[in-house]
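What follows is a single structure, written as structure tokens, with notes after it.
As the structure is a computational prediction, the values presented were derived from the model and not from experiment.
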Amino acid sequence: MSCADHKDYHDEELDPCCLFDTYGGDDKTISKKELLEDPLRFLYKLFSSGSVKGEMLINISIGASLSVNFVAADFFKDIIMLESSDCCIKAIESCLRNEPGAVEQSHVVEFVCSLKGQSTECKKQEEKTRRVIKQVVKWDITNENPLGKVVLPQADCIVITYYLELVSKDHNMYINLLKKLLSLLKIEGHLAMVALINISYYMAGQHKFGALKCNEDFIQKALTEAGCSILSSDTHKSKFESALSDYESIAHFVCRKDRVV
């Protein structure tokens, strides 16, 4: 299959439940640790340190995972989720309403509660997270203004997880989308980003989806160009050897917005 034949994140063939279960399902081991648990541990450590705080957080991730929100709900009063895929928006809303057939994420809540040493408080954590998520907003990357007529208050923190490399067609689009996302962040607000390094594809079910290869140098330059100072970064080489995806490592970035671009 050539790159031209790869599906796009926004295509109807993307099944959010299948995407989550493939990499973060409870029965997974290496991929669940790398792609789900390690980033949550990173975010919990960051937020609990008190160095990144505020009232409102914007989260843009992939698929229908609420994982970031399960952590952030203890540190931010309001969470707004952005999503550019219609099918993923429907799946997220199904999770928030706790509907039958929604993406099963109870093991994620259990992991987050274990980080806090409160493994018996899972039900309360789920309920709290649903209360704190105030909106799920369409982020339409086909529009010059992806929010359309929606007006959001500027956030104290933005979390981006695996998003830009999976939706961008080229590096210019990546930088452009990053700048637009950072326009929603206050000056001196913080960006926490988790990125897949040098990924070119990922599988969900029988379908192969394309992704944009980005190395650490490119991402660091993009963040600087978008008006950020990088406060810390670390990269973890992948141990997930599978034909399901070809990412080489996972990088964590903590940044501060210093200027408007």
Evaluation steps, side chain to side chain contact (heavy atoms under 4.5 Å, CB included), between Val159 and Met193 = CA-CA 6 Å; Val159 177; Met193 188 163 76; over 6 Å; no
query = In terms of heavy-atom contacts, does CD of Glu144 have more than 12 from other residues, nucleotides or ligands at under 6.0 Å?
reply =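 At most 12 heavy atoms, drawn from other residues, nucleotides or ligands, come within 6.0 Å of this atom.
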[X] side, atom [atom1]; [Y] side, atom [atom2] - distance, nearest 0.5 Å:
X      : Y      : atom1 : atom2 : value
Arg259 : Ser229 : CZ    : OG    : 8.5 Å
Glu126 : Arg131 : CD    : CZ    : 12.0 Å
Lys213 : Ser200 : NZ    : OG    : 6.0 Å
Leu212 : Ser168 : CG    : OG    : 6.0 Å
Ser249 : Leu196 : OG    : CG    : 8.5 Å
Ile160 : Ile60  : CD1   : CD1   : 7.0 Å

key: Output field: ring centroids Phe47/Phe76 closer than 6.0 Å   =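 Distance test on ring centres: under 6.0 Å, yes.
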Can a donor-acceptor pair be found between the side chains of [X] and [Y] at a distance below 3.5 Å?
X      : Y      : answer
Glu83  : Tyr163 : no
Asn59  : Ser61  : yes
Thr129 : Asn69  : no
Ser67  : Gln105 : no
Gln118 : Thr120 : no

ask   = Do Ile250 and Leu35 pass the side chain to side chain contact (heavy atoms under 4.5 Å, CB included) test, and can you show the C-alpha distance, the side-chain angles, and the key distance before you say yes or no?
value = CA-CA 8 Å; Ile250 299 174; Leu35 297 169; 3.6 Å; yes
inquiry  = Restricting to salt bridge (charged side-chain N to carboxylate O under 4.0 Å, His left out), what partner residues turn up for Lys32, sequence neighbours left out?
reply    =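 Result, salt bridge (charged side-chain N to carboxylate O under 4.0 Å, His left out) vs Lys32: Asp26.
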task = Go through the structure and list residues passing salt bridge (charged side-chain N to carboxylate O under 4.0 Å, His left out) with Glu248, not counting sequence neighbours.
result =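 Here no residue qualifies.
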Can you tell if the side chain of [X] reaches within under 4.5 Å of the side chain of [Y], non-hydrogen atoms only?
X      : Y      : answer
Leu177 : Val167 : yes
Val194 : Asp38  : no
Cys228 : Thr224 : no
His190 : Lys257 : no
Val108 : Phe70  : yes
His171 : Cys214 : yes
Glu34  : Tyr247 : yes
Gln135 : Leu152 : yes

On a heavy-atom basis, which atom in [X] and which in [Y] lie closest, and how many Å separate them?
X      : Y      : result
Ile219 : Ala195 : CD1-CB, 3.8 Å
Ser84  : Ile141 : CB-CG2, 4.3 Å
Gln220 : Phe253 : CG-CE2, 3.9 Å
Lys45  : Ser48  : O-OG, 3.3 Å
Leu19  : Gly63  : CD2-CA, 4.1 Å
Val52  : Val254 : CG2-CG1, 4.5 Å

request  = For a ring-ring contact (aromatic ring centres under 6.0 Å, His included) with Phe209, tell me which candidate from Tyr201, Tyr9, Tyr202, Tyr162 qualifies.
outcome  =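 Looking at Tyr201, Tyr9, Tyr202, Tyr162, the match for Phe209 under the ring-ring contact (aromatic ring centres under 6.0 Å, His included) is Tyr202.
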Is it true that a side-chain atom of [X] and a backbone atom of [Y] form a donor plus acceptor pair closer than 3.5 Å?
X      : Y      : answer
Arg130 : Cys95  : yes
Lys180 : Leu147 : no
Ser94  : Lys90  : no
Gln154 : Asp156 : no

request  = Return each pair, listed once, that meets side chain to side chain donor-acceptor pair (under 3.5 Å) where at least one residue sits in residues 12-23; pairs must be two or more places apart or across chains.
outcome  =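 Found Lys7-Glu13.
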query = In terms of hydrophobic clusters joined by side-chain contacts under 4.5 Å, are Leu164 and Val261 together?
reply =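 Each belongs to a different hydrophobic cluster.
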Pair Glu104-Ser106, side-chain hydrogen bond (donor to acceptor under 3.5 Å, both in side chains): steps then yes or no = CA-CA 6 Å; Glu104 173 53 50; Ser106 59; 2.3 Å; yes
task = Could you name each residue pair satisfying salt bridge (charged side-chain N to carboxylate O under 4.0 Å, His left out) that touches residues 71-81, not counting sequence neighbours?
result =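 Qualifying pairs: Glu55-Lys77, Asp74-Lys116, Asp74-Lys128, Asp78-Lys134.
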request  = Go through Asp246 and Ile199 one step at a time and tell me if the side chain to side chain contact (heavy atoms under 4.5 Å, CB included) criterion holds.
outcome  = CA-CA 5 Å; Asp246 65 346; Ile199 182 175; 3.7 Å; yes
task = Supply the members, apart from Ile187, of the Ile/Leu/Val/Met/Phe/Trp/Tyr cluster built from side-chain contacts under 4.5 Å; use none for a lone residue.
result =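 The other cluster members (ILVMFWY side chains, heavy atoms under 4.5 Å, direct or chained) are Val260.
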request  = Take the angle between the ring planes of His107 and Phe20 and call it parallel below 30°, perpendicular above 60°, tilted in between.
outcome  =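 The rings of His107 and Phe20 sit tilted, inter-plane angle from 30° to 60°.
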query = Any ion pair linking Lys124 and Glu127 (charged N to carboxylate O, less than 4.0 Å)?
reply =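 So Glu127 does not pair with Lys124 through a salt bridge.
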message = So, using ring pair (Phe, Tyr, Trp, His ring centres under 6.0 Å) as the criterion, who are the partners of Phe42 when residues are at least two apart?
response =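 Phe42 satisfies ring pair (Phe, Tyr, Trp, His ring centres under 6.0 Å) with His252 once adjacent residues are dropped.
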inquiry  = As a quick check of understanding, evaluate side chain to side chain contact (heavy atoms under 4.5 Å, CB included) for Leu40 and Val112, giving each step before the final call.
reply    = CA-CA 7 Å; Leu40 294 181; Val112 170; 4.0 Å; yes
